[in-house]
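Here the structure comes first, spelled out in structure tokens, and everything after it is commentary.
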There are 4 protein chains.
Amino acid sequence: MARNSDKKPQIIDAAIKVFAEKGFYNSKVADVAKAAGIADGTIYLYFKNKDDLLISLFETKVSELLETFKNALLAFKTAKDKLNEFIRLYFQLMEEQQDLAEVLQVELRQSSKFIKEYHPQKFFDFLNIIGDIIKEGQQNGEFDSTLSVNTTKLAIFGSIDELARQWILSFEHKFDLKQTANNVASIFIKGMAPVI
Amino acid sequence: MARNSDKKPQIIDAAIKVFAEKGFYNSKVADVAKAAGIADGTIYLYFKNKDDLLISLFETKVSELLETFKNALLAFKTAKDKLNEFIRLYFQLMEEQQDLAEVLQVELRQSSKFIKEYHPQKFFDFLNIIGDIIKEGQQNGEFDSTLSVNTTKLAIFGSIDELARQWILSFEHKFDLKQTANNVASIFIKGMAPVI
Amino acid sequence: MARNSDKKPQIIDAAIKVFAEKGFYNSKVADVAKAAGIADGTIYLYFKNKDDLLISLFETKVSELLETFKNALLAFKTAKDKLNEFIRLYFQLMEEQQDLAEVLQVELRQSSKFIKEYHPQKFFDFLNIIGDIIKEGQQNGEFDSTLSVNTTKLAIFGSIDELARQWILSFEHKFDLKQTANNVASIFIKGMAPVI
Amino acid sequence: MARNSDKKPQIIDAAIKVFAEKGFYNSKVADVAKAAGIADGTIYLYFKNKDDLLISLFETKVSELLETFKNALLAFKTAKDKLNEFIRLYFQLMEEQQDLAEVLQVELRQSSKFIKEYHPQKFFDFLNIIGDIIKEGQQNGEFDSTLSVNTTKLAIFGSIDELARQWILSFEHKFDLKQTANNVASIFIKGMAPVI
DNA sequence: GATGAATGAGCCTTCATTCAT
DNA sequence: AATGAATGAAGGCTCATTCAT
């Protein structure tokens, strides 16, 4: 109807809602179109096909997250504080954008393997934010410098990602995210402390 | 082919291969049948439908894992040793059964949300093995007793699961799983140590 | 319904009817399926896609025509008699199988150019029956030996094909096919006579 | 682009190019618009719809041909010379305007049957030029007066049309059109000679 | 039990056409 | 008049499931 509004983000936001609710493979392009308030065919003016819509969604949203995290971390000086903030912010954003969280967590995994030619570089960039924090901590003596950055960043991400996922999936008895953030950060900070 | 062989595990093993390679939604029932060396229709003699095949696969395999882990942990006395062994064994099994690992990790997430009426109880049982180790450690003073068992078990599982996933997904430069097992176990054991 | 009847010729015959009536591009696969008394999907068990159905139809039917003509001409000795018989039989067959005639005449032209990778070899084989008659006539002095076989065969085929087409297309006032066959044959036989 | 140029012939010429290359049913209105250097919607200011564009194309071009032929034949006196010239000019024009030739030959056949309500009157007018030549030849004793004008004109047109088509379709080894024109004309003139 | 040909609902995608600008 | 973004009906094709053998 509205001819001028920018359709691309509008479609992506609709897709997030729909994919979060039903999953990518159970969602119809028509569902996304309906949610976006546009005609089915309009989606194909902005995306090559259904796969491309999912991939574009990833690229766009992970890029945004990347920026958000980079900016947020600027205010913190020590690696410990940065790690704390990363975890806190991750939980906060996942809480605020549960639909996006579901799509990123479930579909990104699913799709990065099966949609041909898609390599989720942005996701790796995102992981590297944690990697950079670890490196920094190792350099200034906050963290054990013998730890592998590559595997440790995955361990940390895996932890908070799984926690976020289960928090989102559980309907009742949701645990307290803020406190959990503190606990997890504390475990990793203690766990990564240099050996005396 | 083999007259008397039980077809059910045969189909499940074929499904693991096929789903691991292409993903559940990109796999055809006919693909599974072909991989199992049987006719398409035969699958429906053993499983209600495609969803049921996936769910049965989960149930069967997670039950097996459950038994394997429970038995393996009997030999260890301290919670620290048990946690060490759990992580070591998890990586070992994922390495030995990469196809199964992929299906469990990727499809379990995908499906537990979108296949209606499926609640992966066995998976929670599995998670609770970690929970039990933590509780034991808290009771005998090995671990900080103020930690939430529920979230910490997820943190640990998330870590090793993410590491396993990335190890499986990476084609080259695969990191050393044994060493990584030690590192991760070490981080968590240090990180969960009681506050003095 | 009937599980055993051979579906391929059944589908081809249905396709001839449907394509003759509506044209290939205006026919739906569902139309052909309905006409064949089968389900839509069944067509794809026997043909790769809609294009393949058309091409298979051509191959099959032109091969059959080829056989019919070759056999029929055996009974005739002179080139003139063979040409006469060819024209007579062509009109007769087109009259008997108007649906097939329409599809061959209209769609073969249309499609041989636009369906990629299709080269109507069978059609050229068919044309060469006329070419062989001309050659034979040139060798035994019935026809002018300076005539180009390649172009003359096209001239003859073009004539009878156009006549058949217009006869099929005209609803009323259809001209007499038998007499026309005689006239056309006579024109070409006279027209190709050797120069004294 | 050019402000004042009449868009209608511009669109028709673009359509000829596009339809010749891809065929009517495989051409998109957008393709024609692009080839004409205008916007998609503009076509609908000049033509009711895609079918109408094709039909208008036929009407316009066949009318032009009609005029060209009528004028060209004025210079010739005998029916034989006129027939000679008709065939020569037909081949010449088809050679000069291959795109138009393809559209007329292939699409006219295809469409005259399937585009509802279209009766290619102009095409019949064109055929009647040949009919008139035959009649004239019969009246002045050049041709056999017992021949049916209606079928003979179709025979002649079919011949040269098929020859033109195959000449256009063949990529290499194109036969010599001028010589073929002479041969065909000669066959028909000899073939239609009055019986003594 | 086993088969695999047949089914037909379902969905992605195309593209002729419209219409607000 | 001209534009081209938007529309949405339509249809080719897939594939989970059935069932006659």
Side-chain angles (χ1 to χ4, degrees), chain A residues 1-8 11 25-34 36-53, chain B residues 1 3-4 6-7 25-34 36-53, chain C residues 1-8 11 25-34 36-53, chain D residues 1 3-4 6-7 25-34 36-53:
Chain A
M1 303 299 163
R3 292 255 157 185
N4 268 337
S5 59
D6 197 2
K7 292 261 168 31
K8 201 159 182 171
I11 294 170
Y25 288 102
N26 289 313
S27 301
K28 292 170 243 170
V29 171
D31 293 338
V32 177
K34 202 179 210 175
I38 57 171
D40 297 15
T42 306
I43 289 181
Y44 292 86
L45 298 177
Y46 297 91
F47 302 94
K48 255 200 325 276
N49 50 39
K50 197 186 169 194
D51 282 3
D52 183 46
L53 170 55
Chain B
M1 305 287 167
R3 271 285 147 188
N4 280 333
D6 195 2
K7 292 256 167 48
Y25 286 103
N26 289 311
S27 300
K28 299 171 212 168
V29 171
D31 293 338
V32 176
K34 200 176 196 182
I38 57 170
D40 297 14
T42 307
I43 288 183
Y44 291 86
L45 299 175
Y46 296 92
F47 302 92
K48 234 179 14 246
N49 51 38
K50 196 186 172 192
D51 284 2
D52 182 46
L53 170 55
Chain C
M1 304 298 166
R3 295 254 157 186
N4 269 337
S5 58
D6 197 2
K7 293 260 167 34
K8 201 157 181 171
I11 294 169
Y25 287 103
N26 290 312
S27 300
K28 293 171 244 173
V29 172
D31 293 338
V32 177
K34 201 178 211 175
I38 58 170
D40 297 15
T42 305
I43 288 181
Y44 293 87
L45 298 176
Y46 297 92
F47 302 93
K48 254 201 325 274
N49 50 40
K50 198 186 169 195
D51 282 3
D52 183 47
L53 170 55
Chain D
M1 302 295 166
R3 271 283 147 188
N4 280 332
D6 196 3
K7 292 256 166 50
Y25 286 104
N26 289 313
S27 300
K28 300 170 212 168
V29 171
D31 293 338
V32 176
K34 200 175 194 181
I38 57 169
D40 297 14
T42 306
I43 289 182
Y44 292 86
L45 298 176
Y46 296 92
F47 302 94
K48 230 175 23 242
N49 51 38
K50 196 185 171 193
D51 284 2
D52 183 46
L53 170 56

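Chain letters run A, B, ... following the sequence lines, proteins first, then strands; residues in each count from 1. These numbers were taken from a predicted model, which means no experiment stands behind them. Just the heavy atoms: all of them, side chains too, but no hydrogens, waters or symmetry mates, feed the values below.
A:Asp40 is linked by a salt bridge (charged side-chain N to carboxylate O under 4.0 Å, His left out) to nothing, counting only residues two or more places apart in sequence or in another chain. Evaluation of the side chain to side chain contact (heavy atoms under 4.5 Å, CB included) rule for B:Thr42 yields B:Lys7, B:Ile38, B:Ala39, B:Leu45, B:Tyr46 as partners, not counting sequence neighbours.
For D:Asp40 and E:dT14, the CG to C1' distance is 13 Å, given to the nearest whole Å. Rounded to an integer number of Å, the gap from D:Asp52 CG to E:dT18 P is 12 Å. Atom-to-atom, CG of B:Asp51 to P of F:dC15 comes out at 16 Å; the value is rounded to the nearest Å. Rounded to whole Å, atom P of F:dT17 lies 10 Å from atom CG of B:Leu53. When rounded to the nearest whole Å, the span between NZ of A:Lys28 and C1' of F:dG8 equals 16 Å. Atom CD1 of C:Ile43 and atom C1' of F:dG11 are 13 Å apart (whole Å). Rounded to an integer number of Å, the gap from NZ of B:Lys48 to C1' of F:dA16 is 15 Å. Whole-Å rounding puts the C:Leu45 CG to F:dT18 C1' distance at 14 Å.
Of the two residues near DNA chain E, D:Ala30 and B:Tyr46, the one whose nearest nucleotide lies more 5' is B:Tyr46. Positionally, the nearest nucleotide of DNA chain F for C:Asn49 lies more toward the 5' end than for the other of C:Asn49 and B:Asn49. Toward the 5′ end of DNA chain E lies the nearest nucleotide of B:Gly41, the other residue of the pair B:Gly41 and A:Tyr44 mapping further downstream.
The two residues A:Val29 and A:Tyr44 make their nearest non-hydrogen contact at CG2-OH, 3.6 Å. Nearest heavy atoms, C:Val32 versus C:Leu53: CG1-CD2, 4.1 Å. Of all heavy-atom pairs between C:Asp52 and C:Phe47, the closest is OD2-CA, 3.4 Å.
In this structure, of F:dA6, F:dT3, F:dC13, it is F:dA6 that holds the atom nearest to the side chain of A:Thr42. When the nucleotides E:dT3, E:dA16, F:dT3 are ranked by their closest atom to the side chain of D:Val29, E:dA16 comes out on top.
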DNA chain E in dot-bracket, Watson-Crick or G-U pairs under 3.5 Å, [ ] crossing, | other strand? .||||||||||||||||||||

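Using a 4.0 Å cut-off, no side-chain N or O of A:Lys50 falls inside it from OP1 or OP2 of E:dT13.
When heavy atoms are screened at a 4.0 angstrom cut-off, B:Phe47 is found touching no nucleic acid atom at all.
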